[in-house]
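Sequence lines set the chain letters: A, B, ... in the order given, protein chains first and strands last, and positions in each chain run from 1.
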Number of protein chains: 2
Amino acid sequence: MTDTESGSAQPAPQKRADARRNQQRLLDAAAAAFITSGVDAPVRDIATKAGVGVGTIYRHFPTRADLIVAVYRHQVEACAEAGPTLLAESSTPHTALARWIDLFVDFLVTKHGLAEALQSDDAAFENLHPYFLDRLVPVCAQLLDTAATAGEIVRDLDAYELLRGVGNLCIGAGNDSRYDARRLVALLIAGLRLR
Amino acid sequence: MTDTESGSAQPAPQKRADARRNQQRLLDAAAAAFITSGVDAPVRDIATKAGVGVGTIYRHFPTRADLIVAVYRHQVEACAEAGPTLLAESSTPHTALARWIDLFVDFLVTKHGLAEALQSDDAAFENLHPYFLDRLVPVCAQLLDTAATAGEIVRDLDAYELLRGVGNLCIGAGNDSRYDARRLVALLIAGLRLR
DNA sequence: GGTTAAGCGGAACCATGTTCCGTATCGTCT
DNA sequence: AGACGATACGGAACATGGTTCCGCTTAACC
């Protein structure tokens, strides 16, 4: 699926074996660290866990966002691909939209601190926006548009704004039993409905 | 209103003049710094702007939250007091609720980074939650309860959750013209309505 | 085995928050 | 006025975490 190896022509000079090995170790260590300490686990910790020096982490993943993207790429892809599927399988476009948003929320609340990072304007996370947005906004837009065309929801909200809103609502879910992000997201989606 | 001076008895030994002067300077400098650099403006910057040493800032405001609270206390009070007033003046409880939430949103989006800080689990901001919540949750609860009793909105959402949700939605407003927190908050409030 | 460039490690540097203590100043008492 | 103790001050020193850089290692190829 990705553009690594077996590509069209020459531009893949095949990295050295130790480089590939270290990259994998870093991904594993980062995934583990993200679970225990959240997505802003100290760089040194991740490097130590992977048994490499800090320099190596920066060589493979220049910014923290690159590392996060690499770790979660599969899941984001899965979420993106679920959009059309749900649209085909659900009884109404609004149902599909609601279910898809559920997937998105699940993804965010299970990754400690990811929602925060996504909204943060910290330079380290800057590349996170483009990646998530490029991949998910079109999917969400299609769901919104289909539902709007079916006359189920209001028209004047674009996918970007909705995704950011949902992402924002997910901030701090998980840390606080009195706050249930899913319920608020559900209210937001309910607010979209035409009455 | 506050419990400073002219109190009941002995426990106010009257601070030294330079201490009071520095405290005021710090408040002014912090207010200015918060506008230009957000609520996490570097401690040293604020101290320099106020013409004092960093030690002085910590003596007067042990945590950043204390400083933020001191700077914005008036406005939080005003917001809290507006609750009953709106309830008395508005045509319906739901209108009062919507207007009050508007005030709250206005407050948050005009203070660069305050919404972020409010939701952050950073230890430095820990005292921010109690203050805001103690002051505003009861007000919001009364608005919610009145509207629910009037049969205008759903019952199963408590004030804490709503305020956190609205606070979350305000994160990053102001930095991004494509994201309009007010619109999403309005949708959320719309989602509360019984239909 | 010899050569070379990709890759590595981690010391060093920078930015920030936080603590601590020697010194300066205030307020008061004589 | 002068002295004295308590209060408050400043900023150096320390802690933490991100980021850079360069001398050394080693995989890959001849």
Can you tell me if the side-chain N/O atoms of B:H60 get under 4.0 Å from OP1 or OP2 in D:dA8?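 No, outside the criterion.
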
Within the pair B:N22 and D:dA8, is there a side-chain N or O less than 4.0 Å away from OP1 or OP2? no

Atom pair distance, as rounded to whole Å: [atom1] in [X] and [atom2] in [N]:
| X | N | atom1 | atom2 | answer |
| --- | --- | --- | --- | --- |
| B:D40 | C:dG17 | CG | C1' | 12 Å |
| A:Y58 | D:dT19 | OH | P | 4 Å |
| B:D18 | D:dA8 | CG | P | 8 Å |
| B:K15 | D:dA8 | NZ | P | 6 Å |
| B:R20 | C:dT25 | CZ | P | 18 Å |
| A:I46 | C:dG9 | CD1 | C1' | 17 Å |
| A:F61 | C:dG7 | CZ | P | 13 Å |
| B:D45 | C:dT16 | CG | P | 7 Å |

Just compare [options] and give me whichever is closest to any side-chain atom of [X].
| X | options | result |
| --- | --- | --- |
| B:V43 | D:dG10, C:dC26, C:dT18 | C:dT18 |
| B:V52 | C:dA11, C:dG9, D:dG10 | D:dG10 |
| A:A19 | C:dC8, D:dG18, C:dG17 | C:dC8 |
| A:P42 | D:dG11, D:dG18, C:dA5 | D:dG18 |
| A:T56 | C:dG17, D:dT19, C:dG9 | C:dG9 |
| A:R64 | D:dG18, D:dA28, C:dG7 | D:dG18 |
| A:V54 | D:dT19, C:dA5, D:dA8 | D:dT19 |

Where is the tightest heavy-atom contact between [X] and [Y], given as atom of each residue plus distance?
| X | Y | value |
| --- | --- | --- |
| B:L184 | A:G165 | CD1-CA, 3.8 Å |
| A:Y179 | A:I171 | CE2-O, 3.7 Å |
| A:C79 | A:L103 | SG-CB, 4.5 Å |

Could a donor-acceptor pair under 3.5 angstrom be found where the side chain of A:R44 meets the base of D:dG17? yes

With a 4.0 Å cut-off, would you call B:K49 and B:D28 a salt bridge? no

Assess whether side chain to side chain donor-acceptor pair (under 3.5 Å) is satisfied between A:T95 and A:T92, documenting all intermediate values. CA-CA 5 Å; A:T95 312; A:T92 77; 2.8 Å; yes

Touch class at under 4.0 angstrom, heavy-atom based, for A:R59 against every strand present: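 Base: the residue A:R59, judged by heavy atoms under 4.0 Å, touches a nucleobase.
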
